Amino acid sequence: MDKSSSISREWIVKKILFVLAMMAVLGIVLIIVLVTKESIPALTKVGPFNLFSTTWNPKTGDYGIVVFIVGTLLTTLGGLLIAVPLALGTALFLTQMAPQRMGTLVTRGVEILAGIPSIVIGWIGFTLLVPLLAALTRSAGTGILAASIILGIMSMPTITSIARDALETVPSSYKQASIGLGATRWQTIWHVILPAARPGLLVAVILGMGRAIGETVAVALVIGPATTFPKSLTTPTHTLTTKILMEMGESSGLQRSVLFAMAFALLLLSMGMILTVRLATRKKEFAR
Amino acid sequence: MQGKWKTGVIGAGLVLLTVTVIVLGGCGGSGVSGTVTLSGSTTVQPIAQEAADLFMKDNPSANVTVQGGGSSVGITQVSEGTVNIGDSSRGLKDEEKNLGLVDHKIAFDVIVLIVNPGVSVDNLTGDQVKGIFTGSITNWSQTGGTDGTITVVTRDSASGTREMFDEKALGSTKDQPVSLVTGAIEANSNGVMRQKIASTRGSIGYISYGYLDKSVKPLQFNGVTGNLQTGLDKTYPLARYLHMFTKGEPTGTTEAYIDFVLSPEFQNDTVTKEYIPMTKVNQQ
């Protein structure tokens with residue numbers, strides 16, 4: 001009696017879990033189908049030549065999205081330039097030299113930073129950072145630099161915790177062998193530990209990049225925004241996400257479809273990133 | 001055993017209570033039922049939606065759906081009978097006047113030019129405004145003010161307010177659309193616009209009259225101050241009514257919904273936050 005009931009219960013649990021798992025797959029399929037369907041008018045009626053031009057003026061039928069793509073790439077790159085050194089340094093400190101108490105303290109700090117809602121960081125950027133940059137550079141203060149700093153702060157915790165995990169998986173025998181051969185701590189880190197953890201570190205950077213590329217509200221607060229290429233690091237510009245946010249409320253027809261095409265471009269970018277993560281982790285398995 | 005029995009009774013009680021609340025709640029409003037559909041101007045859409053939400057709260061068995069599409073779409077669809085109400089941020093064009101549409105003016109909107117309080121200019125001519133927004137005038141000294149770079153702030157390119165400003169202040173037409181100065185900062189609501197103007201040195205923009213406050217400085221346009229009086233007597237050109245059109249006089253739920261939009265409560269509580277309510281226009 002017991003046996004048969006446990007089998008049927010197992011069967012039910014199995015089916016429930018299967019359905020739940022399929023929900024996630026269904027969700028992503030629906031998103032891709034919807035975004036693709038909605039951007040079809042943009043791709044067919046506006047066309048790739050118009051879309052990949054630099055003029056945005058819906059009234060004259062110009063729907064160039066290059067300005068926004070450049071904005072997204074520049075802010076993401078800038079964010080990484082700030083976040084990666086910070087995060088790698090923190091991860092190395094945590095795994096290689098921090099005393100246990102200090103390590104716990106820093107880890108908790110990074111965890112809290114990861115949990116701060118992006119609107120809070122964006123708001124601080126808007127009220128503190130932008131006026132500061134405006135005073136220092138005698139400009140509007142908004143733009144690539146402000147957005148990069150905000151994105152750097154936001155992606156740093158993600159990169160730190162994954163990089164720390166990657167560094168921790170380096171067998172301690174490597175380190176001991178290196179120290180035993182007379183290498184200094186720095187030589188050990190640079191020539192032994194970092195190369196051994198490289199695939200994992202790459203995953204960390206790419207996931208941090210994913211965090212930065214999709215961020216919207218916080219960037220919208222500090223980017224300007226203006227539909228033009230940035231003339232310097234502190235002049236207003238736009239990113240894909242901020243342009244979609246700005247215009248989705250009242251847009252209709254073809255313009256709305258172009259916004260979906262921009263969302264489609266973002267999807268492609270993030271999928272490309274996940275693909276890169278897959279390839280990087282596969283290499284890691286070969287290396288072992 | 002007894003514990004289980006107690007839990008059962010409490011559970012049943014809770015279920016009974018929930019059912020009672022749902023049933024009573026459902027019977028609660030003795031208001032109208034039926035469906036109202038709206039489409040058209042994206043400027044009117046937020047007010048229409050807010051009215052729909054409040055209206056459905058009072059009349060739980062009524063169903064009001066609001067869609068955008070633009071003023072022309074609203075006017076076309078209501079005259080074809082596809083929707084009950086067509087929202088519009090412009091009046092009827094000559095060719096639309098014989099479609100049998102009844103005009104319900106639901107709000108009055110005056111757009112005021114605003115600058116950062118640090119700007120010394122008080123008045124701009126139409127040509128100066130056009131020069132500034134299209135990029136041929138870039139310094140306040142060119143308009144009689146003290147030296148300083150002009151930062152133009154505009155609404156996003158999907159905004160109905162921007163469309164109206166581009167047409168009436170900059171002379172933009174469908175055949176010859178005006179291209180704004182590159183690098184103009186974009187704001188996607190009246191609130192954001194006011195905030196940007198207040199915080200950006202040498203900036204100029206425009207907002208609905210209802211949003212004016214001390215953080216920004218209003219400008220005269222061609223020597224005329226924009227307000228309710230000058231907007232109504234047409235000495236100030238940057239003004240317009242927001243409309244809801246129906247095919248013939250409205251009946252049933254549609255009539256009840258429009259009555260609600262025009263009611264003093266909705267006009268004085270909600271419309272007044274962004275526009276000049278009809279209750280004030282009618283007092284003039």
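Note that the coordinates shown come from a computational prediction; the quantities given were computed from them, not determined experimentally. Chain letters run A, B, ... following the sequence lines, proteins first and then strands; every chain starts at 1.
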**OP:** Return each pair, listed once, that meets salt bridge (charged side-chain N to carboxylate O under 4.0 Å, His left out) where at least one residue sits in residues 258-268 of chain A; pairs must be two or more places apart or across chains.
**Re:** none
Residue-level interface, [range] with chain B, non-hydrogen cut-off under 4.5 Å:
range                       : answer
residues 48-83 of chain A   : A/W56, A/N57, A/P58, A/K59, A/T60
residues 223-230 of chain A : A/G224, A/P225, A/A226, A/T227, A/T228
residues 120-147 of chain A : A/F126, A/R138

Original post:
Roughly how far, to the nearest 0.5 Å, is NZ of A/K243 from CD of B/E186?
Top reply: 3.5 Å
Original post:
What is the minimum heavy-atom distance between B/N188 and A/L245, and which atoms define it?
Top reply: ND2-O, 3.8 Å
**OP:** Please name the pair of heavy atoms, one in A/E247 and one in B/D156, separated by the smallest distance, quoted to 0.1 Å.
**Re:** OE2-CB, 3.7 Å
Would you find more than 12 non-hydrogen atoms of other residues, nucleotides or ligands less than 6.0 Å from [X] atom [atom1]?
X      : atom1 : result
B/E163 : CD    : no
B/K130 : NZ    : no
B/E95  : CD    : yes

Original post:
So which part of B/Q67 gets closer than 4.5 Å to some heavy atom of chain A, the side chain, the backbone, both or neither?
Top reply: neither
**OP:** Could you tell me which portion of B/K174 (side chain, backbone, both or neither) has an atom closer than 4.5 angstrom to a non-hydrogen atom of chain A?
**Re:** neither
Original post:
Most heavy-atom pairs under 4.5 angstrom with chain A, which of B/P46, B/P177, B/S157?
Top reply: B/S157
